[in-house]
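I have placed the structure first, in the form of structure tokens, so that the comments after it can refer back to it.
Owing to the predicted nature of the structure, the values given are computational and were not obtained by experimental measurement. Throughout, a chain's letter reflects where its sequence line sits, starting with A, and its residues are numbered from 1.
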Amino acid sequence: MPGHAAQAVAPGTPAGQVLKAVEALGGNGDAPAVAAKLNGALIDLNRSVQAGGTLEPVLASSDEGREILRHTAAHVMAQAVKELFPKAKLAIGPAIADGFYYDFDVDRPFTPEDLEKIEAAMAKVVAANYPLVREEVPRAEALRLFEGLNEPYKVELVRDLPEGATISLYRQGDYVDLCAGPHLTSTGKVKAYKLLSGAGAYWRGDEKNPMLQRIYGTAFESKELLEDHLFKLEEAKRRDHRRLGKDLDLFSIHEEAGTGLIFWHPKGALVREIIENFWRQEHRRRGYDIVYSPHIARVELWKISGHWDWYKENMYSPMAVDEQEFMLKPMNCPFHIMMYKDQLRSYRDLPLRWGELGTVYRYERSGVLHGLLRVRGFTQDDAHIFCRPDQLSDEIMGVLDLCKFMMQSFGYKDYEVHLSVRDPLNKQKYAGTEDVWQAAEAALVAAMDAHQMSYVVDEGEAKFYGPAIDIKVKDALGRGWQGPTIQADFNLPERFGMTYIGEDGKEHRPVMIHRTVLGSMERFFGGLIEHYAGAFPVWLAPVQVRIMPITDGQLPYCQEVAEKFCAAGLRAEVDKRNEKIGFKIREAQLQKIPYMLVVGNREMESGQVAVRSREKGDEGAAAVEDVLRRVQEEAAARR
RNA sequence: GCUCACGUAGCUCAGUCGGUAGAGCGCGUCCUUGGUAAGGACGAGGUCACCAGUUCAAUCCUGGUCGUGAGCUCCA
């Protein structure tokens, strides 16, 4: 074991005992080992160790450990389902990011009452504490077994296993499943679990296949962690941007106008304006120029760009204008290329960095639309950088730096960097030649290396025209969101025949970088609402200060105070309604206004206001000027 | 797009085993001028998503359409 002296044990000793022997187990009762790793390969604790090697415990609290216990929980659930619904056919039941699921072929969907019954049946399986027994069998035997059990999906899975693969079964009581493992050693070790929801899901994710019924659940190594997780789910519901969008009067969507189209109400529009102004200012500072381009263009343009061939299913049908066909733009890039080509470019002109808050329209299947996060019309914070090949790496670094700065400004602290590359098995899905793709990929990698950024490679995640750096940001609840994306593109410059005149007086091909930092104003705003739970920091808050008189007698004074704040560039308003102060405070608090200033006769006479902050509550009286300065400083610091 | 569920006042939701509807909040008017999270009274407001069908009669039953939600798949 790492960090321990070599131990000699008899061949055939179970892994768990070996671990115990070196006292790695039981040291931390909250996080006992759920499995082991022998020379890096995961094995069950009760599997015997036949030969020497490095043996490490896999703790329940580790990602791998949770995956194992969730996987076992999925088996427990499947056993419970089989008891209640003997005709249910098993499909697959893996562990996923925050839990597990299992797909079943049954004649009707599971109801919430079914889930309760299944959960109760799971408790019995857990109480019975069946040992999970691993068994390795030849393919023919596995086929015979699952055919005999009338489990057609399992049969299909066995058939599809590659030649020479180890086929293992796990049994618990009278339940048997095809599974690579590892698993907990007995069902009694599944301590804290909860079934969450049922939903339809296609066999193997393909809509041509039969629809199965999926049950989602989650499991943790302790009740406390499960409770925490369930609380987080509640919290996520409480923060839902669709709910907050309504409560805070930020945006709406209208059936009459069409689904997936966003109406930005004054308060939402104000937040957007602040974000956009900040965005423009920061881009100018970093050497970007800002441009505008049309919303429609002739079909010919989309044929040159390749969108017509590669992106058609996401574009709206052409509309006839005179004798021409025009299309609503799904992307801004061809327009920026038009502008590039409007004159002869010299190597001295490059790089050109052109940003646009460009509104695009994409057809999305109705089932995927979701609040602000998935819509049919949206404004991208798009930019295209045209540069020489030798500038590519530096430009990407510049973009990475900008991304970091923007994410920080909006309070996103953690992020993960992904390199999205082609699906190696399906290369014909992508435009452009092999060497062009490789060059683009190399440029992205070089920039990330220069930035000493660690990243994970996602195969098959690339767009049709080039590999990308995709940054996933984590919000206040630890949930991942699609953040900035950066793509190197050698393909469009080629298609459009873009050139610049080099030092040598000859024509050269520029490289193009597509990048977006926020993604789209819609999606970014949706994420931001949830990240801040609607309580925007002062610099973003649509109303920063609400001044509330105790009685009508202080109204004129309140108005004066409000004018002072407004004159200082702050967003302040007076609650003139004939209501008691408690009521006004409640409303302001529910509207998540950062500063509430209460004014009674005491404050009016002393030229003060009583400060009540959204976070801390009543903070006592202070001079108007002091409060004004405080709010101003907070806004300027973007805290 | 597909599967399932849902669609009743601006919002959250009751209700009608088929006889055209109700609460709370919000909104309006009035009373109240009250010191840190809901003062009171009165009032207005609904083609029960839309279109067909069954029925003496449909908000309720049936079918379709649109929309919403949870997923599948996809993505900024």
Check: Closest approach of A:W279 and A:E356, non-hydrogen atoms and distance?
Finding: CH2-N, 3.9 Å
Checklist line | Nearest-angstrom distance from the residue atom CG of A:L369 to P of B:G69 | finding: 8 Å
Notebook entry, point to check: Quick one: which of B:C74, B:A38, B:G35 gets closest to the side chain of A:F583?
Noted result: B:A38
Next item on the list: With the side chain of A:E255 defined as its heavy atoms from C-beta on, choose the nearest nucleotide among B:A37, B:A76, B:C66.
Entry: B:C66
Item checked: A:V598 side chain, from C-beta outward: closest of B:C75, B:G35, B:G1 -> B:G35
Check: So what does A:N601 touch, heavy atoms closer than 4.0 Å: a base, only the sugar-phosphate, or nothing?
Finding: base
Check: Using the rule for Phe, Tyr, His and the six-membered ring of Trp, do A:F378 and B:A76 stack at under 5.5 Å and under 30°?
Finding: yes
Check: What's the CD-C1' distance between A:E587 and B:U36, to the nearest Å?
Finding: 14 Å
Check: For A:R242 and B:C11, what is the distance between atoms CZ and P respectively, to the nearest whole Å?
Finding: 16 Å
Check: What about A:R362: does its side chain form a donor-acceptor pair under 3.5 Å with the base of B:C75?
Finding: no
Next item on the list: Describe the nucleic acid contact of A:Y363 in one word from base, sugar-phosphate, nothing, applying a heavy-atom distance below 4.0 Å.
Entry: sugar-phosphate
Next item on the list: Decide yes or no, distance alone: a donor-acceptor N/O pair under 3.5 angstrom between the base of B:C74 and the side-chain of A:R374.
Entry: yes
Notebook entry, point to check: Of all the choices, B:C4, B:C2, B:G34, which nucleotide is nearest to the side chain of A:D552 once you look at every atom?
Noted result: B:G34
Check: So what does A:R214 hit on the nucleic acid, given a heavy-atom distance under 4.0 Å: a base, only sugar-phosphate, or nothing?
Finding: sugar-phosphate
Note to self: B:A70, OP1 or OP2 - any side-chain N/O from A:S197 closer than 4.0 Å?
What the structure shows: no
Item checked: Inter-nucleotide P distance (B:C75, B:A9), Å rounded -> 38 Å
Note to self: So A:T259, base contact, sugar-phosphate only, or nothing? Heavy-atom distance under 4.0 Å.
What the structure shows: sugar-phosphate
Check: Contact class for A:A588 vs. all strands (heavy atom < 4.0 Å): base, sugar-phosphate, or nothing?
Finding: nothing
Next item on the list: Indicate, with a heavy-atom threshold strictly under 4.0 Å, whether A:I581 touches base, sugar-phosphate, or nothing.
Entry: sugar-phosphate
Item checked: Plane angle bin for A:H75 and A:H71 - parallel if under 30°, tilted between 30 and 60°, otherwise perpendicular -> perpendicular
Margin query: Tell me whether A:Y288 at atom OH has more than 12 heavy atoms from other residues, nucleotides or ligands lying less than 6.0 Å away.
Written below: yes
Check: Parallel, tilted or perpendicular: which describes the rings of A:W354 and A:H336, with under 30° parallel and over 60° perpendicular?
Finding: perpendicular
Check: Looking at the side chain of A:I550, which of B:A38, B:G39, B:G35 is the nearest nucleotide?
Finding: B:G35
Check: For the side chain of A:H370, counting heavy atoms from C-beta on, which of B:G35, B:C2, B:G69 is nearest?
Finding: B:G69
Next item on the list: Determine the contact category for A:R243: base if any of its heavy atoms lies under 4.0 Å from a base atom, sugar-phosphate if only primed atoms, P, OP1 or OP2 are that close, otherwise nothing.
Entry: sugar-phosphate
Margin query: Rounding to an integer number of angstrom, what distance separates B:G18 and B:A58 when you compare their C1' atoms?
Written below: 6 Å
Margin query: Show the nearest heavy-atom pair for residues A:L157 and A:R204, with the distance to one decimal.
Written below: CD2-NH2, 3.3 Å
Check: Which listed nucleotide (B:C75, B:A38, B:G34) is nearest to the side chain of A:R523?
Finding: B:C75
Next item on the list: Grab the CE-P distance between A:M596 and B:A37 for me, whole Å please.
Entry: 10 Å
Check: If you measure from the C1' atom in B:U73 to the same atom in B:U3, how many Å do you get, rounded?
Finding: 13 Å
Check: Looking across every strand, which nucleic acid part, if any, lies under 4.0 Å from A:K237 by heavy atom: base, sugar-phosphate, or nothing?
Finding: nothing
Next item on the list: Take A:R612 and A:D618 through the test salt bridge (Lys or Arg N to Asp or Glu O under 4.0 Å) and record every step on the way to the result.
Entry: CA-CA 4 Å; A:R612 185 190 168 93; A:D618 192 356; 5.9 Å; no
Notebook entry, point to check: For atom C1', what is the distance between B:U59 and B:A21, given to the nearest Å?
Noted result: 9 Å
Next item on the list: For B:A23 and B:U33, measure between their C1' atoms and round to the nearest Å.
Entry: 31 Å
Notebook entry, point to check: Quick one: A:N314 CG to B:G1 C1', roughly how many Å, whole number?
Noted result: 13 Å
Next item on the list: Return the value, rounded to whole Å, for the distance between atom CD of A:Q591 and atom P of B:A37.
Entry: 17 Å
Checklist line | B:A76 OP1/OP2 closer than 4.0 Å to side-chain N/O of A:H514 | finding: no
Note to self: Just to be sure I understand the rule, does A:G600 reach a base, reach only the sugar-phosphate, or reach nothing, if contact means heavy atoms closer than 4.0 Å?
What the structure shows: base
Notebook entry, point to check: Hey, does A:P334 have a side-chain heavy atom less than 4.5 Å from the side chain of A:H307?
Noted result: yes
Note to self: Regarding A:G367, tell me which of base, sugar-phosphate or nothing describes its non-hydrogen contacts under 4.0 Å with the strands shown.
What the structure shows: base
Note to self: For the P atoms, the ones on B:C31 and on B:A70, what distance do you get once it is rounded to whole angstrom?
What the structure shows: 48 Å
Check: What's the shortest heavy-atom distance between A:M331 and A:W302, and which atoms?
Finding: O-CH2, 3.4 Å
Next item on the list: Can you tell me, in whole Å, how much space there is between the P of B:C61 and that of B:G26?
Entry: 33 Å
Notebook entry, point to check: Closest to the A:R612 side chain: B:G34, B:G71, B:A37?
Noted result: B:A37
Note to self: Over all strands shown, is A:E603 touching base, sugar-phosphate only, or nothing at heavy-atom distances under 4.0 angstrom?
What the structure shows: base
Item checked: B:G28 to B:G34 separation - P atoms, rounded to the nearest Å -> 23 Å
Next item on the list: Have a look at A:K246 and say if it touches a base, only the backbone sugar-phosphate, or nothing, with a 4.0 Å heavy-atom cut-off.
Entry: sugar-phosphate
Next item on the list: Please work out if A:Y202 contacts a base, only the sugar-phosphate, or nothing of the nucleic acid, heavy-atom cut-off 4.0 Å.
Entry: base
Note to self: Categorize A:F110 for me: base, sugar-phosphate, or nothing, with a 4.0 angstrom heavy-atom threshold over every strand shown.
What the structure shows: nothing
